[in-house]
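Worksheet: one structure, shown below.
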Amino acid sequence: MRLSRAFLPTLKETPAEATIVSHRLMLRAGLVRQTSAGIYAWLPLGWRVLQRVSQIVREEQDRAGAQEVLMPTIQSAELWRQSGRYDGYGKEMLRLIDRHDREMLYGPTNEEMITDIFRSYAKSYRDLPRNLYHIQWKFRDEVRPRFGVMRGREFLMKDAYSFDITAEAAQHAYRQMFFAYLRTFQRLGLKAVPMRADTGPIGGNLSHEFIVLAETGESAVFFDSAFEASDWAGTVTDYDDIPALKSGFDQVTAMYAATDEMHDAAAFEALPAERRREGRGIEVGHIFYFGTKYSAAMGLSVPGQDGKPVIPEMGSYGIGVSRLVGALIEANHDEAGIIWPDSVAPYAAAILNLKQGDASTDAICEQLHTALGDNAVYDDRAERAGVKFADADLMGFPWQAIVGPRGAANGVVELKRRATGERVEVSVEEALARIRG
RNA sequence: CGGAGCGUAGCGCAGUCUGGUAGCGCACCAGUCUGGGGGACUGGGGGUCGUGGGUUCGAAUCCCGCCGCUCCGACCA
């Protein structure tokens with residue numbers, strides 16, 4: 001993508017409404033544009049990142065055996081009356097009336113709808129287990145939206161729903177998602193710690209929040225440093241291996257980790273002082289096992305092996321995809337701007353032509369641009385070097401291929417790693433090889 | 001939902017108290033010089049001052065209503 005033709009606007013100054021760093025950087029780097037309180041338009045750079053994050057989430061859901069669907073944003077109030085939540089959900093639910101005076105709502109979550117869909121097709125216990133998910137926009141009419149996309153009213157969420165015949169099977173489904181989440185966050189380059197959570201209004205008796213550590217996080221967290229030490233995501237490779245998954249799960253969840261509302265000071269103090277970690281975090285995922293709460297209320301049942309009806313056990317599993325973009329920036333930035341992890345970077349590299357119109361720099365830049373294709377932005381604008389450096393740093397591409405007249409004359413480009421600031425002078429071929437990883 | 005603020009050019013702001021031809025910086029456009037970390041100079045364009053009403057000879061400024069947005073606190077992917 002040539003910057004001279006791209007819609008990738010950056011701002012030198014920060015709009016007044018942004019108070020936290022991720023929000024400031026998202027506005028300055030041109031990722032999003034606020035259209036109403038807590039509602040954002042995603043501009044090309046932000047949209048690319050959102051899609052990269054979605055794709056990683058999707059791949060890990062698929063790997064764990066979940067199947068993707070797409071449910072609508074608008075739902076009928078009727079479904080929510082069946083579960084009893086229509087009156088209970090409160091003002092966070094955006095309620096709508098259509099032209100026929102039917103009560104509708106913009107979905108804040110999809111337990112009712114997925115239960116309705118599943119009950120239409122599940123004919124016997126043989127049709128279980130199943131896990132269905134979608135990545136769709138949700139709306140929760142927060143009293144006080146803030147922090148940009150971290151706490152918006154409209155947000156992109158991955159929500160999965162599992163159906164099982166027995167409680168044991170449902171807990172296995174829960175553990176599958178537990179490890180899928182660890183893997184997902186690891187691939188995103190985030191350190192996410194699972195913490196036992198209150199089950200809240202969704203109900204049930206087993207729940208974990210996944211908290212990304214960041215100084216600007218909204219909740220205080222306490223955890224065992226053992227979480228930092230090991231690759232827990234890699235401890236389980238076969239999602240169908242029930243005993244392995246259970247022992248892995250037991251091992252991870254045995255370690256102390258809690259948000260302030262669930263904090264047990266005595267248990268925490270029992271850890272050796274050097275293993276105690278306190279900090280702040282952002283909730284990016286939340287998983288629940290809630291048994292037959294919705295299946296019972298909504299009349300989902302299937303014939304069991306003995307022919308008698310069985311009410312399936314369910315769980316739901318959410319990841320705040322758009323929030324993750326904010327969390328990623330909170331966890332990866334410096335004074336100059338964003339530092340994207342390679343896995344989610346909108347482009348792997350920026351090609352900086354320091355002297356537009358110079359035959360040698362133009363030629364090398366064109367060569368790099370052609371070779372990297374959609375993985376790079378080519379800053380071919382008639383701007384001074386400083387502007388190009390500042391914008392590339394701000395937008396946070398992992399690599400900068402800096403092409404100036406001095407090096408270009410010798411066929412050399414300067415490759416800068418955004419995360420470390422390290423620079424090396426290499427040949428064009430070597431630069432391409434490194435950018436491609 | 002309790003408390004506190006703010007709406008003036010794309011962005012950041014002054015002007016409002018004390019009414020009198022709407023300003024500054026950045027950004028933008030043209031030109032010249034410059035050319036490895038947001039450069040300099042010259043010239044230029046851009047505003048129903050959120051909105052509706054009221055007071056007044058005259059309203060960005062005073063009064064009333066409405067709309068939008070933000071911050072602090074209690075709640076949430």
Side-chain angles (χ1 to χ4, degrees), chain A residues 9-20 23-24 27-28 30 33-39 53 57 89-93 107-111 135-160 181 192 197-202 207-212 218-219 259 261 281-288 316-327 335-337 352-358 361 379 381-394 400 402-408 413-414 416 421 423 425:
Chain A
T10 58
L11 299 172
K12 231 167 133 175
E13 287 174 282
T14 306
E17 72 266 18
T19 55
I20 66 164
H23 191 196
R24 283 202 299 268
L27 294 171
R28 284 195 55 213
R33 157 103 188 168
Q34 181 172 336
T35 61
S36 296
I39 302 179
V53 174
V57 170
Y89 207 91
K91 291 185 174 176
E92 281 199 351
M93 179 186 284
T109 179
N110 285 63
E111 280 83 4
I135 299 174
Q136 176 63 293
W137 295 94
K138 305 292 187 293
F139 196 93
R140 295 184 190 172
D141 200 357
E142 296 282 345
V143 195
R144 191 186 159 204
R146 59 185 133 170
F147 305 146
V149 300
M150 302 259 287
R151 181 80 180 275
R153 293 194 293 170
E154 186 184 55
F155 56 96
L156 189 62
M157 178 173 161
K158 185 287 299 181
D159 39 325
Y181 276 36
D198 199 357
T199 51
I202 292 187
S207 178
H208 284 87
E209 294 178 346
F210 289 77
I211 308 278
V212 167
E218 334 180 39
S219 40
T259 57
E261 62 262 25
I282 302 159
E283 182 184 349
V284 291
H286 203 156
I287 59 177
F288 301 87
S316 72
Y317 316 91
I319 289 179
V321 178
S322 49
R323 169 178 285 189
L324 268 171
V325 177
E335 319 72 47
L352 307 187
N353 189 340
L354 297 194
K355 193 169 183 186
Q356 202 65 39
D358 176 278
T361 62
D379 194 343
R381 296 175 299 173
E383 290 287 354
R384 297 173 65 86
V387 173
K388 297 189 178 189
F389 287 132
D391 275 344
D393 285 348
L394 175 60
Q400 292 172 21
I402 301 165
V403 184
R406 292 201 297 264
V413 312
E414 185 178 331
K416 175 183 163 185
R423 296 157 183 263
E425 294 213 330

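Throughout, protein chains are lettered first and strands after them, A, B, ... in sequence-line order, and every chain is numbered starting at 1. All values derive from a computational prediction rather than experimental measurement.
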Describe the nucleic acid contact of [X] in one word from base, sugar-phosphate, nothing, applying a heavy-atom distance below 4.0 Å.
X: Val284(A); result: sugar-phosphate
X: Leu11(A); result: nothing
X: Lys138(A); result: nothing
X: Asp159(A); result: nothing
X: Gly90(A); result: nothing

Margin query: Base of G38(B), side chain of Arg384(A) - is there a donor-acceptor contact under 3.5 Å?
Written below: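 No, the side chain and the base share no sub-3.5 Å donor-acceptor pair.
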Check: G38(B) base to Arg28(A) side chain: any donor-acceptor pair below 3.5 Å?
Finding: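 Side chain to base: pair found, below 3.5 Å.
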Please answer whether the main-chain N or O of [Y] pairs with a side-chain N or O of [X] as donor and acceptor at a distance below 3.5 Å.
X: Ser207(A); Y: Ile287(A); value: yes
X: Tyr181(A); Y: Tyr317(A); value: yes
X: Arg140(A); Y: Phe155(A); value: no

Pairing check on [N]: which nucleotide meets the Watson-Crick or G-U wobble criteria with it, both distances under 3.5 Å?
N: G58(B); result: none
N: C75(B); result: none
N: C69(B); result: G5(B)
N: G31(B); result: C41(B)
N: G46(B); result: none
N: G25(B); result: C11(B)

Next item on the list: If a pair satisfies salt bridge (charged side-chain N to carboxylate O under 4.0 Å, His left out) and one of its residues is in residues 148-158 of chain A, list it, with sequence neighbours excluded.
Entry: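 For residues 148-158 of chain A: Asp141(A)-Arg153(A), Glu142(A)-Arg151(A), Arg151(A)-Glu218(A).
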Next item on the list: Spell out protein contact along nucleotides 69-74 of chain B as letters: B when the base is contacted, S when just the sugar-phosphate is, - when no protein heavy atom is under 4.0 Å; keep the 5' to 3' order.
Entry: SSBBBB
Check: Just by protein heavy atoms under 4.0 Å, how would nucleotides 42-47 of chain B read 5' to 3' in B, S and -?
Finding: ------
Next item on the list: Taking atom types as modelled, find out whether Asp159(A) and Gln136(A) have a side-chain donor-acceptor pair closer than 3.5 angstrom.
Entry: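 No.
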Give each protein N/O atom lying under 3.5 Å from an N/O atom of nucleotides 25-32 of chain B, with the pair distance.
{"unit_1": "G25(B)", "atom_1": "N2", "unit_2": "Glu13(A)", "atom_2": "OE1", "d": "2.8"}

Notebook entry, point to check: For Phe147(A), what residues pass the ring pair (Phe, Tyr, Trp, His ring centres under 6.0 Å) criterion, not counting sequence neighbours?
Noted result: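 Partners of Phe147(A) under the ring pair (Phe, Tyr, Trp, His ring centres under 6.0 Å) test: none.
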Check: Which residues pass the ring pair (Phe, Tyr, Trp, His ring centres under 6.0 Å) test with Phe389(A), sequence neighbours left out?
Finding: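 Ring pair (Phe, Tyr, Trp, His ring centres under 6.0 Å) check on Phe389(A) returns nothing, list empty.
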Item checked: Aromatic-base stack, Phe389(A) on G38(B), cutoff 5.5 Å, angle under 30 ->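 Stacking between Phe389(A) and G38(B): absent.
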